[in-house]
Number of protein chains: 2
Amino acid sequence: MMSEISRNGHSGSGQPGRIGIGLELDDIHLKILEILRENGRISVAALAERVGISRANAYTRFEALRADGAIKRFTAEIDHGRAGLGITALIFVTVRQQMWKQFRAELARMPEVEYCAITTGQHDAMIQVRVADVAAVHTMVTDRLANIPAVKATETVFILDEVLRRPYVLPGDGRQAARQARRPAPSEERDDVPLGKMRFVGAAEGRAALRKDD
Amino acid sequence: MMSEISRNGHSGSGQPGRIGIGLELDDIHLKILEILRENGRISVAALAERVGISRANAYTRFEALRADGAIKRFTAEIDHGRAGLGITALIFVTVRQQMWKQFRAELARMPEVEYCAITTGQHDAMIQVRVADVAAVHTMVTDRLANIPAVKATETVFILDEVLRRPYVLPGDGRQAARQARRPAPSEERDDVPLGKMRFVGAAEGRAALRKDD
DNA sequence: GTTGAAATTAGTACGAA
DNA sequence: TTCGTACTAATTTCAAC
């Protein structure tokens with residue numbers, strides 16, 4: 001029903017970008033993932049044809065990806081509006097230290113939470129909820145979240161529009177990006193970028209005052 | 001490759017929580033969606049059995065849900081760490097008014113962006129990116145985002161851990177919530193909830209100063 | 001890693017309740 | 001509408017190459 005999902009870390013391997021311990025993923029594996037994230041119901045036979053390998057090979061790789069955990073599961077994307085959950089909100093939560101375990105346990109009991117991530121910055125966690133109406137957000141925050149001792153403070157914003165959601169970003173996309181963006185060729189490095197535009201918010205700096213910069 | 005996804009609004013219907021114009025979704029439809037979001041590759045035959053309807057009926061409903069758009073697509077969930085994208089970050093963007101169109105167009109050209117939503121509050125949009133290493137986040141923000149005229153300012157936080165992701169929240173979950181949480185047993189109703197804990201950030205208030213409340 | 005043939009399963013059509 | 005059945009097409013499995 002609810003799923004703990006993998007940490008961002010690389011299971012011990014210190015090298016960022018390094019492929020995980022299990023399978024070595026080659027280009028064909030990545031192409032399979034790319035097709036599967038667009039169409040999770042494609043038959044393995046059709047997959048083999050699109051990738052340009054034999055069916056037996058496709059079955060082997062498909063199973064390997066599943067077994068290795070590179071593919072975690074297959075899922076259907078639902079239109080929430082049509083399913084009666086027209087309101088999406090983000091709730092940024094400040095958690096009392098040493099009460100994370102309780103916070104997580106409570107989260108698991110809230111089915112309207114679609115996503116929760118621990119973040120650096122001003123807050124400690126961001127949760128995304130889907131509910132039927134604005135009142136439900138209010139109820140959720142004031143009745144449920146605020147009653148959790150682990151929750152020190154919350155800040156809620158509403159999502160007005162979801163501009164894009166990609167099924168899942170893959171390294172292949174990065175290569176495309178590198179091509180498209182043709183990155184920071186040291187020579188043509190742009191130094192006219194207005195530095196005041198950007199801000200990186202680390203964990204320590206987090207609770208510090210937030211200046212407004214517009 | 002990239003997909004515009006539906007607005008939060010209810011396509012004209014003013015009633016929040018109301019099912020969209022197309023299909024009337026009954027309990028069986030919702031049960032089908034519930035199964036499909038857990039296992040997007042289940043066969044329609046197996047689906048029929050689990051729901052307790054005939055195979056023919058299952059095919060009809062399955063197709064109807066697809067045609068109606070209640071099911072938008074099927075996708076595979078990838079383990080990003082294993083795929084070489086170990087870093088996830090959230091970038092909050094302040095967008096110059098009347099340059100939204102440009103902003104969206106540029107977003108479409110950034111494959112490392114997995115999700116983008118327009119929000120109320122201090123910022124105008126939140127984008128989630130997946131990249132190989134921390135340096136790539138820096139490059140993304142300073143070289144790509146900052147060079148978009150539509151982008152007035154950004155604020156970046158890193159995701160340290162993704163605590164939970166549910167495939168998709170459905171109204172049925174709400175019912176469960178009501179049951180599970182069955183919470184405020186009037187006797188143990190807590191009226192000592194510190195109101196200062198919560199903050200709702202509307203669009204207008206947005207750019208106002210942000211006090212620190214810890 | 002590939003191909004081809006057998007076994008199984010999926011998808012369609014249609015009449016009856 | 002929904003169900004049950006029969007029919008056709010496709011997929012998966014498994015063998016040998």
Side-chain angles (χ1 to χ4, degrees), chain A residues 19-79 82-84 167 170-172, chain B residues 13 18-79 82-84 167-168 170-172 175:
Chain A
I19 306 293
I21 17 94
L23 268 187
E24 280 298 314
L25 301 189
D26 59 24
D27 283 353
I28 293 176
H29 284 120
L30 290 179
K31 194 162 184 192
I32 290 173
L33 293 178
E34 195 174 316
I35 293 170
L36 246 22
R37 76 182 171 161
E38 282 169 16
N39 178 9
R41 273 184 87 85
I42 193 174
S43 72
V44 181
L47 188 67
E49 198 183 14
R50 282 191 56 182
V51 176
I53 56 176
S54 69
R55 283 162 309 173
N57 192 352
Y59 275 104
T60 306
R61 287 166 175 275
F62 182 88
E63 256 319 303
L65 287 169
R66 251 182 166 305
D68 184 63
I71 298 173
K72 290 193 291 191
R73 64 181 156 192
F74 293 94
T75 189
E77 276 193 22
I78 308 300
D79 184 321
R82 232 161 263 224
L170 287 176
Chain B
S13 162
R18 172 78 173 68
I19 308 294
I21 16 95
L23 269 186
E24 280 298 315
L25 301 189
D26 58 25
D27 284 353
I28 293 176
H29 284 120
L30 289 181
K31 194 162 183 191
I32 289 174
L33 293 180
E34 197 173 315
I35 293 170
L36 247 22
R37 79 183 169 160
E38 282 169 17
N39 178 7
R41 271 183 90 85
I42 191 175
S43 72
V44 181
L47 189 67
E49 197 183 14
R50 283 191 55 181
V51 176
I53 57 176
S54 71
R55 232 155 52 90
N57 192 357
Y59 273 105
T60 307
R61 287 167 175 275
F62 183 88
E63 253 320 302
L65 287 169
R66 251 183 165 308
D68 185 62
I71 298 173
K72 289 192 290 191
R73 64 181 158 191
F74 293 93
T75 189
E77 276 192 22
I78 308 300
D79 184 319
R82 231 160 263 223
Y168 279 94
L170 287 176
R175 284 201 294 277

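Lettering of chains follows the sequences in order, A, B, ..., and the numbering in each one begins at 1.
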Starting at [atom1] of [X], measure out to [atom2] of [Y] and round the result to the nearest 0.5 Å.
{"X": "B:Thr75", "Y": "A:Glu38", "atom1": "OG1", "atom2": "CD", "answer": "8.5 Å"}
{"X": "B:Arg82", "Y": "A:Ile71", "atom1": "CZ", "atom2": "CD1", "answer": "12.0 Å"}
{"X": "A:Ile35", "Y": "A:Ile42", "atom1": "CD1", "atom2": "CD1", "answer": "6.0 Å"}
{"X": "A:Arg55", "Y": "A:Glu49", "atom1": "CZ", "atom2": "CD", "answer": "10.0 Å"}
{"X": "B:Ile53", "Y": "B:Lys31", "atom1": "CD1", "atom2": "NZ", "answer": "10.0 Å"}
{"X": "B:Ile78", "Y": "A:Glu34", "atom1": "CD1", "atom2": "CD", "answer": "10.5 Å"}

For B:Arg41, does the CZ atom have more than 12 heavy-atom neighbours from other residues, nucleotides or ligands under 6.0 Å away? yes
Atom-pair distance ([atom1] on [X]; [atom2] on [N]), nearest Å:
{"X": "B:Asn57", "N": "C:dA16", "atom1": "CG", "atom2": "P", "result": "20 Å"}
{"X": "B:Arg61", "N": "C:dG11", "atom1": "CZ", "atom2": "C1'", "result": "18 Å"}
{"X": "B:Tyr59", "N": "C:dA13", "atom1": "OH", "atom2": "P", "result": "12 Å"}
{"X": "A:Arg50", "N": "D:dT11", "atom1": "CZ", "atom2": "P", "result": "14 Å"}
{"X": "A:Glu49", "N": "C:dT2", "atom1": "CD", "atom2": "P", "result": "14 Å"}

Along DNA chain D (nearest heavy atom to each residue), the more 5'-positioned of A:Ile42 and B:Ile53: B:Ile53
Heavy-atom nearest nucleotide on DNA chain C for A:Arg41 versus A:Thr60: which residue maps closer to 5'? A:Thr60
Can you pull out how bent the helix from C:dG1-D:dC17 to C:dA17-D:dT1 is, comparing the axes over its first five and last five pairs, to 10°? 30°
Please tabulate, for the side chains in residues 58-65 of chain A, all donor-acceptor contacts under 3.5 angstrom to protein atoms that are two or more places apart in sequence or on a different chain.
residue: A:Thr60; atom: OG1; partner: A:Ala56; partner atom: O; Å: 2.9
residue: A:Arg61; atom: NE; partner: A:Asn57; partner atom: OD1; Å: 3.0
residue: A:Arg61; atom: NH1; partner: A:Asp26; partner atom: OD1; Å: 3.1
residue: A:Arg61; atom: NH1; partner: A:Asp26; partner atom: OD2; Å: 3.2
residue: A:Arg61; atom: NH1; partner: A:His29; partner atom: ND1; Å: 3.4
residue: A:Arg61; atom: NH1; partner: A:His29; partner atom: NE2; Å: 3.3
residue: A:Arg61; atom: NH2; partner: A:Asp26; partner atom: OD2; Å: 3.2

What heavy-atom pair brings A:Phe74 and B:Ala76 nearest, and what distance separates the two atoms? CE2-CB, 3.6 Å
So if I take every side-chain heavy atom of B:Ser54 and compare against D:dT2, C:dT12, C:dG1, which nucleotide ends up nearest? D:dT2
Which atom pairs link the protein and nucleotides 4-9 of chain C when you take only N or O atoms and keep those under 3.5 Å?
residue: C:dG4; atom: N7; partner: A:Arg55; partner atom: NH2; Å: 2.8

